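First up is the structure itself, then whatever we jot down about it.
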There are 2 protein chains.
Amino acid sequence: MSAAERALDQVLRLTLALEQDMTSSLARVGLTPARSHVLWLLVAEGPSPQVALARALDVTPRNVTGLVDGLERDGFVTREPDPSDRRAQRVTLTPRGREVADGLVAGRSTLAAQLFAGLSAERVESIGSDLELLAARVEALVAEAAG
Amino acid sequence: MSAAERALDQVLRLTLALEQDMTSSLARVGLTPARSHVLWLLVAEGPSPQVALARALDVTPRNVTGLVDGLERDGFVTREPDPSDRRAQRVTLTPRGREVADGLVAGRSTLAAQLFAGLSAERVESIGSDLELLAARVEALVAEAAG
DNA sequence: TATTGTTATACTCTATAACTATA
DNA sequence: TATAGTTATAGAGTATAACAATA
């Protein structure tokens, strides 16, 4: 097995472990990855019509209906009428939803600190650059395959 | 945002792009990620009882029934009686299943080459070591959360 | 008794298609 | 006519629980 293949194996190992870590962390606060993405967007963008969420998530509007149904049932968001368009529903964080969403933001910081603890600033920068290169290359492959 | 947070963002960007790349590559040969894991195991281990697949995939036996149903319907595997245990079904690659599975192995090599093209052997080794460190740290977090 | 795999049931994420209400 | 969101339907992945056949 080549060095490149060994390195790719470590990338895949990292992605698998990260997915497990995030999924279990989210489950502890009653969220799934897909629903957490919605909360993440609502923190960044404020109350949003579902069609905007669908575009940002690159998912069908029907899918957003389901995600918001679940978040609403569990008390994280409400659907408010849009004052400027009576067709639209503005998805809005409840106080509890905002609390949990703020926790997601804090959790990301904590994870970053744990992941890079004890490494020099230069080393962290260097690793970040390498990861950026790899990410850009994979994104190019995805774009090529799609286009 | 700290350097560690920027680096974590690149990790997440990489994982997202990789997932998209692999999912679309697999779809082109009629596979999903979960089903491809089964083929991957069958190439490595040879014909296997479903319970062995369930353990290796860390998934319930019921789930394997569904995955093998799909693979069987699409002609990638067959269920053969186990000569040594009449309760068990030995999941076995068909010739076409083996062909596709060999393609998965080759595809991994190709992806590794594309990802690290133009980088010196030392650089690839260094990136691999960094990734190994990060993967080990995330795995430790997962184990801690589970235990 | 324990193990292998299945049927029954359910939940989440995802998609397409047809439809309503509004723009 | 076009857009926002829904109902209807479907498929994939996952789970638990109850059960049959076999060890």
Side-chain angles (χ1 to χ4, degrees), chain A residues 16 19-20 22-41 45 47-74 76-92 146, chain B residues 16 19-20 22-41 45 47-74 76-92 146:
Chain A
L16 180 64
E19 189 200 333
Q20 292 176 339
M22 291 194 301
T23 300
S24 74
S25 297
L26 291 170
R28 251 172 266 131
V29 295
L31 284 174
T32 61
R35 289 177 194 175
S36 78
H37 292 157
V38 174
L39 294 196
W40 203 270
L41 280 173
E45 306 292 333
S48 308
Q50 292 186 190
V51 68
L53 300 175
R55 288 196 195 103
L57 296 168
D58 193 24
V59 119
T60 62
R62 176 61 184 90
N63 198 346
V64 173
T65 297
L67 296 175
V68 172
D69 283 350
L71 287 167
E72 192 174 39
R73 172 174 51 72
D74 294 346
F76 296 115
V77 305
T78 55
R79 280 186 244 237
E80 306 291 341
D82 186 321
S84 68
D85 186 339
R86 282 191 297 170
R87 295 170 304 179
Q89 303 277 13
R90 289 210 323 192
V91 182
T92 306
Chain B
L16 180 65
E19 190 201 334
Q20 292 176 339
M22 292 193 301
T23 301
S24 74
S25 296
L26 291 170
R28 250 172 267 132
V29 296
L31 284 175
T32 62
R35 289 177 193 175
S36 78
H37 291 156
V38 174
L39 294 196
W40 202 269
L41 280 173
E45 306 293 333
S48 308
Q50 293 185 190
V51 68
L53 300 175
R55 288 195 195 104
L57 296 168
D58 193 24
V59 119
T60 61
R62 176 59 184 92
N63 197 346
V64 173
T65 297
L67 295 174
V68 172
D69 283 350
L71 288 167
E72 192 173 40
R73 172 176 49 74
D74 293 346
F76 296 115
V77 306
T78 56
R79 278 187 246 236
E80 306 292 339
D82 186 321
S84 69
D85 186 340
R86 282 191 297 170
R87 294 170 304 180
Q89 303 277 11
R90 288 210 324 192
V91 182
T92 305

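Predicted model, so just to flag it, every value in this text is computed and none were measured. Chain naming here is simple, since letters A, B, ... match the order of the sequence lines and numbering starts at 1 in each.
Residues B:Val59 and B:Leu53 have side chains not in contact (no heavy-atom distance under 4.5 Å, counting atoms from C-beta outward). In this structure, B:Val64 and B:Val51 have side chains that are not in contact, with every pair of non-hydrogen atoms separated by 4.5 Å or more. Within the 4.5 Å cutoff, side-chain heavy atoms of A:Thr23 are placed close to those of A:Pro33.
Distance CG (A:Leu53) to P (D:dT6): 11 Å, rounded to an integer number of Å. Rounded to whole Å, atom C1' of D:dT7 lies 15 Å from atom CD of A:Gln89. If you take CD of B:Glu72 and P of C:dG5, they are 13 Å apart, rounded to a whole angstrom. As a whole-Å value, the separation of B:Gln20 CD from C:dC13 P is 18 Å. Taking atom CG of residue A:Leu31 and atom P of nucleotide C:dC11, one finds them 18 Å apart after rounding to whole Å.
Proximity of A:Arg55 to the phosphate of D:dA4: a side-chain N or O atom is located under 4.0 Å from OP1 or OP2. Within the structure, every side-chain polar atom (N or O) of A:Thr65 is placed at least 4.0 Å from both OP1 and OP2 of D:dG5. The side chain of A:Thr32 contributes no N or O atom lying less than 4.0 Å from OP1 or OP2 of C:dT12.
Heavy atoms of B:Arg73 sit under 4.0 angstrom from primed sugar atoms or phosphate atoms, though from no base atom. Within 4.0 Å (heavy atoms only), B:Arg79 reaches sugar-phosphate atoms of the nucleic acid but no base atom.
In this structure, the side chain of B:Asp74 does not engage the main chain of B:Phe76 through any donor-acceptor pair within 3.5 Å. Checking side-chain atoms of A:Thr92 against main-chain N and O of A:Arg90 turns up a donor-acceptor pair under 3.5 Å.
Under the rule for a side chain to side chain donor-acceptor pair (under 3.5 Å), the partners of A:Arg79 that lie at least two apart in sequence or sit in another chain are A:Gln50, A:Asp69, A:Glu72. Partners of A:Gln89 by side chain to side chain donor-acceptor pair (under 3.5 Å), not counting sequence neighbours: none found.
Mapping B:Arg90 and A:Asp74 onto DNA chain C by nearest heavy atom places B:Arg90 closer to the 5' end of the strand.
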**Fill in**
Each nucleotide of nucleotides 14-22 of chain D classed B (base within 4.0 Å of a protein heavy atom), S (only sugar-phosphate) or -, in 5' to 3' order, makes BBB----BB

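Out of D:dT6, C:dT6, C:dC13, the shortest distance to the side chain of A:Gln50 is found at D:dT6.
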